[in-house]
K.L.:
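Got a structure here, written out as structure tokens. Questions coming.
Position 1 is the first residue of the sequence; numbering continues from there.
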Amino acid sequence: MILTSKPNLADSSSDHDFEADFDGDVLPDGDFDGLAPIELELTPDACGQRLDKIIAGLVPQFLRGRLQMWIDDGFVTVDGKVARSTKDTVYGDEKIVILPQPAPEDEAFKPEAMELNIVYEDEHLIVVNKPAGLVVHPGAGNWSGTLLNGLLHHCPQLSGVPRAGIVHRLDKDTSGLMVVGKTLPAQTDLVRQLAARSVKREYFALVWGTPRQSGTIDASMGRHPKDRIKMAVSTNFSAKAAITHYELLASGDLERRPVSLVQCRLETGRTHQIRVHMMSIGFSLVGDVMYGKQHLASVFPRQALQARRLGLVHPATGEQCEWLVPLADDFAALIAQAGIEEPEQI
């Protein structure tokens with residue numbers, strides 16, 4: 001890992017892949033008020049109604065689905081006895097006690113001890129080398145064990161910074177460099193750099209096939225029209241501009257099929273941008289089961305993609321800074337298997 005200062009970094013003003021927005025992020029539930037029991041005295045007009053329905057009407061601050069889960073899990077009693085079913089009928093004179101339980105998302109923004117590969121840290125920012133398999137931000141299906149949780153444990157002051165200082169994200173199975181602002185002024189400055197496209201970001205990707213020596217993919221992107229989990233090249237009015245520059249570095253073969261190591265530089269930071277753009281010109285990433293070749297998924301357990309270089313203006317000193325990391329061990333082994341030597345740290 002290398003930390004250098006390069007005065008010409010600002011000349012690469014279009015090289016970045018940060019998203020300034022965080023559409024889809026789930027923020028912690030500020031309405032959850034702990035484990036205080038909720039006591040309800042039913043009146044005769046409740047007679048004949050389902051237990052879950054009458055409770056949902058009396059405690060509208062909780063979703064009916066959550067209340068049903070508490071009933072099923074034994075956290076609701078009727079006249080001192082554990083409720084049997086959400087479909088139980090009430091008679092209108094019962095005493096109901098609910099013991100609220102935190103949902104996973106209520107605990108999402110909590111510190112968790114974890115090993116972080118910190119490349120650089122000072123009082124203003126942290127640069128971390130994220131491993132593949134680590135989710136950056138809590139969300140559906142990943143309410144704990146995320147980079148955000150680890151950052152809050154490593155640096156408690158981040159609890160006072162929106163999203164624990166995170167200003168951009170990498171996919172779960174993409175490895176590489178990320179920057180985090182440790183203070184609100186630092187985070188704000190980093191976001192401004194993103195908007196100004198003055199942050200430099202370079203990736204290595206291993207793709208199926210052999211693209212031409214270099215090229216630029218200028219194709220707007222939006223949600224896939226049939227699969228909302230995916231992104232796609234789109235001409236829809238809601239699609240956002242997306243530009244990827246790539247350069248062929250070396251070629252080899254896997255499973256008797258040609259593969260190529262390419263370096264990608266991004267002018268924009270759309271979700272799954274490299275994966276979608278390279279697939280759109282016929283060169284999907286090795287290991288990418290979402291956009292790539294399904295029948296070759298066993299070759300590598302994740303998309304072969306790494307954010308290897310990060311450059312920005314230090315938010316406090318104004319210094320031009322750059323960080324570079326070698327390929328992750330699994331990625332390095334993959335290209336060696338393909339007969340490709342890891343390039344010099346260019």
K.L.:
Under 4.0 Å between a Lys/Arg side-chain N and an Asp/Glu carboxylate O for R302 and D288?
P.N.:
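Not counted as a salt bridge, because no side-chain N and carboxylate O are separated by less than 4.0 Å.
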K.L.:
Applying side-chain contact (heavy atoms from CB on, under 4.5 Å) to D72 and T86, what does each step give before you reach the verdict?
P.N.:
CA-CA 7 Å; D72 291 337; T86 58; 3.6 Å; yes
K.L.:
List the atom of A46, the atom of G92, and the distance in Å for their closest heavy-atom pair.
P.N.:
CB-CA, 4.3 Å
K.L.:
Among side-chain atoms of T89 and Q49, is any donor-acceptor pair under 3.5 angstrom?
P.N.:
no
K.L.:
Using 4.0 Å as the upper bound for N to carboxylate O, is an ion pair formed by R275 and D171?
P.N.:
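Yes.
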K.L.:
Whether the D52 and Q68 side chains hold a donor-acceptor pair (N or O, under 3.5 Å, no angle test) is what I'd like checked.
P.N.:
yes
K.L.:
Could you check S234 against N236 for side-chain hydrogen bond (donor to acceptor under 3.5 Å, both in side chains), going step by step and ending with a plain yes or no?
P.N.:
CA-CA 5 Å; S234 174; N236 189 286; 5.2 Å; no
K.L.:
With distance as the sole test, does K230 use its side chain to make a donor-acceptor pair with the main-chain N or O of M290 at under 3.5 Å?
P.N.:
yes
K.L.:
Considering all heavy atoms of both residues, which atom of P315 and which atom of L125 are nearest to each other, and what is their separation?
P.N.:
CD-CD2, 3.3 Å
K.L.:
Side chain to side chain contact (heavy atoms under 4.5 Å, CB included) with V179: which of V119, L312, I126?
P.N.:
L312
K.L.:
So, N142 side chain and V135 main chain: donor-acceptor pair closer than 3.5 Å or not?
P.N.:
no
K.L.:
Could you state the interatomic distance from CE (M278) to CD (Q303), rounded to the nearest 0.5 Å?
P.N.:
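Interatomic distance, M278 CE to Q303 CD, rounded to 0.5 Å: 14.0 Å.
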K.L.:
Flag yes if M279 and I229 sit in one hydrophobic cluster, no otherwise; membership is Ile, Leu, Val, Met, Phe, Trp, Tyr, and two members link when side-chain heavy atoms are under 4.5 Å apart.
P.N.:
yes
K.L.:
State, with a plain yes or no, whether a side-chain heavy atom of Q101 is found less than 4.5 Å away from one of W70.
P.N.:
yes
K.L.:
Find out if a path of hydrophobic residues (ILVMFWY) with successive side-chain heavy-atom gaps under 4.5 Å connects M114 to V136.
P.N.:
yes
K.L.:
For S220 and A241, which heavy atoms make the closest approach, and how far apart are they?
P.N.:
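Residues S220 and A241, closest heavy atoms: OG-CA, 3.7 Å.
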K.L.:
Measuring from atom OH of Y120 to atom CG of L310, what distance do you get when rounded to the nearest 0.5 angstrom?
P.N.:
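Rounded to the nearest 0.5 Å, the OH-CG separation comes to 12.0 Å.
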K.L.:
For S159 and L152, which heavy atoms make the closest approach, and how far apart are they?
P.N.:
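Result for this residue pair: N-CD2, 3.6 Å.
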K.L.:
Does any part of the side chain of Q187, heavy atoms only, come nearer than 4.5 Å to the side chain of V167, both counted from C-beta?
P.N.:
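Side-chain contact under 4.5 Å: yes.
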K.L.:
side-chain contact (heavy atoms from CB on, under 4.5 Å) for W208 and L285? Distances and angles first, verdict last.
P.N.:
CA-CA 6 Å; W208 292 107; L285 271 62; over 6 Å; no
K.L.:
Can you pull the ring pair (Phe, Tyr, Trp, His ring centres under 6.0 Å) pairs that have at least one residue in residues 268-292, sequence neighbours excluded?
P.N.:
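Listed once each, the pairs are H272-Y291.
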K.L.:
Which atom pair, heavy atoms only, marks the closest approach of L184 to P162?
P.N.:
CD1-CD, 3.8 Å
K.L.:
Considering only distance and modelled atom types, tabulate donor-acceptor pairs under 3.5 Å from the side chains of residues 209-217, sequence neighbours left out.
P.N.:
from : atom 1 : to   : atom 2 : distance (Å)
R212 : NE     : S214 : O      : 3.1
Q213 : NE2    : L248 : O      : 2.9
T216 : OG1    : H245 : ND1    : 2.8

K.L.:
Does D227, at its CG atom, have more than 12 non-hydrogen atoms belonging to other residues, nucleotides or ligands within less than 6.0 Å?
P.N.:
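Counting neighbours around CG of D227, more than 12 heavy atoms of other residues, nucleotides or ligands fall under 6.0 Å, so yes.
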K.L.:
Indicate yes or no for a side-chain donor-acceptor contact from R201 to the backbone of L177 under 3.5 Å, with no hydrogens or angles considered.
P.N.:
yes
K.L.:
Check this for me, if you would: do R265 and E247 make a salt bridge, where the nitrogen-to-carboxylate-oxygen distance has to be below 4.0 angstrom?
P.N.:
no
K.L.:
Could you report the tightest heavy-atom contact between N149 and P138, atom names first, then the distance?
P.N.:
OD1-CG, 4.4 Å
K.L.:
Can you check whether V90 reaches C47 side chain to side chain, under 4.5 Å on heavy atoms?
P.N.:
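With C-beta onward as the side chain, the pair stays apart.
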K.L.:
Main chain of G318, side chain of Q320: is a donor-acceptor contact present, judged purely on distance under 3.5 Å?
P.N.:
no
K.L.:
Shared ILVMFWY cluster between V128 and L305, side chains joined below 4.5 angstrom?
P.N.:
yes
K.L.:
Is there a side-chain contact (heavy atoms from CB on, under 4.5 Å) between E121 and V127 once you walk through the steps?
P.N.:
CA-CA 6 Å; E121 181 176 8; V127 177; over 6 Å; no
K.L.:
Would one find more than 12 heavy atoms of other residues, nucleotides or ligands at under 6.0 Å from atom CZ of R50?
P.N.:
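It does: R50 CZ has more than 12 such atoms within range.
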K.L.:
Between Q273 and I243, is there a donor-acceptor pair closer than 3.5 Å when you use the side chain of the first and the backbone of the second?
P.N.:
yes
K.L.:
Decide salt bridge (charged side-chain N to carboxylate O under 4.0 Å, His left out) for K182 and D122; before the verdict, give the C-alpha distance in whole Å, the side-chain angles of both, and the deciding distance to 0.1 Å.
P.N.:
CA-CA 9 Å; K182 291 178 68 173; D122 62 23; over 6 Å; no
K.L.:
When you group the ILVMFWY residues by side-chain heavy-atom contacts below 4.5 Å and let the links chain together, are V82 and L99 in the same group?
P.N.:
no
K.L.:
If you measure from OG1 on T183 to CG on L158, what distance do you get to the nearest 0.5 Å?
P.N.:
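Reported to 0.5 Å precision, the distance equals 9.5 Å.
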K.L.:
How many angstroms lie between atom CE of M231 and atom CZ of R223, to the nearest 0.5 angstrom?
P.N.:
5.0 Å
K.L.:
Supply the atom-to-atom distance F75 CZ to I98 CD1, rounded to the nearest 0.5 angstrom.
P.N.:
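Answer for the CZ-CD1 pair, F75 versus I98, is 13.0 Å.
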K.L.:
Once you round to the nearest 0.5 Å, how far does CG of N129 lie from CG of L170?
P.N.:
9.5 Å
K.L.:
Between L206 and V262, is any pair of side-chain heavy atoms under 4.5 Å apart?
P.N.:
no
K.L.:
Any side-chain heavy-atom pair from M178 and L147 closer than 4.5 angstrom?
P.N.:
yes
K.L.:
Measure the acute angle between the ring planes of H124 and H314, then classify it against the limits of 30° and 60° as parallel, tilted or perpendicular.
P.N.:
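Rings of H124 and H314: perpendicular, as their planes differ by over 60°.
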K.L.:
Are Q306 and T174 linked by a side-chain donor-acceptor pair shorter than 3.5 Å?
P.N.:
no
K.L.:
Can you list the steps and then say if V286 with V259 is a side-chain contact (heavy atoms from CB on, under 4.5 Å)?
P.N.:
CA-CA 8 Å; V286 172; V259 293; 4.1 Å; yes
K.L.:
Do T268 side-chain atoms and R270 backbone N/O form a donor-acceptor pair below 3.5 Å?
P.N.:
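Pair absent, no side-chain N/O of T268 close to backbone of R270.
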K.L.:
Between V78 and L51, is any pair of side-chain heavy atoms under 4.5 Å apart?
P.N.:
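SC-SC contact between V78 and L51 confirmed.
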K.L.:
Do L67 and V59 have side-chain heavy atoms sitting under 4.5 Å apart?
P.N.:
yes
K.L.:
Would you confirm whether Q193, through its side chain, and V313, through its main-chain N or O, come within 3.5 Å as a donor-acceptor pair?
P.N.:
yes
K.L.:
Side-chain contact test, heavy atoms from C-beta onward, threshold under 4.5 Å: evaluate it for D93 versus L42 and give yes or no.
P.N.:
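The answer is no, as the side chains (C-beta and beyond) never meet within the 4.5 Å cut-off.
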K.L.:
Report yes or no: do V276 and I274 belong to one cluster of Ile/Leu/Val/Met/Phe/Trp/Tyr joined by side chain heavy-atom distances under 4.5 Å?
P.N.:
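Different hydrophobic clusters.
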K.L.:
More than 12 non-hydrogen atoms from neighbouring residues, nucleotides or ligands closer than 6.0 Å to CG on L63, yes or no?
P.N.:
no
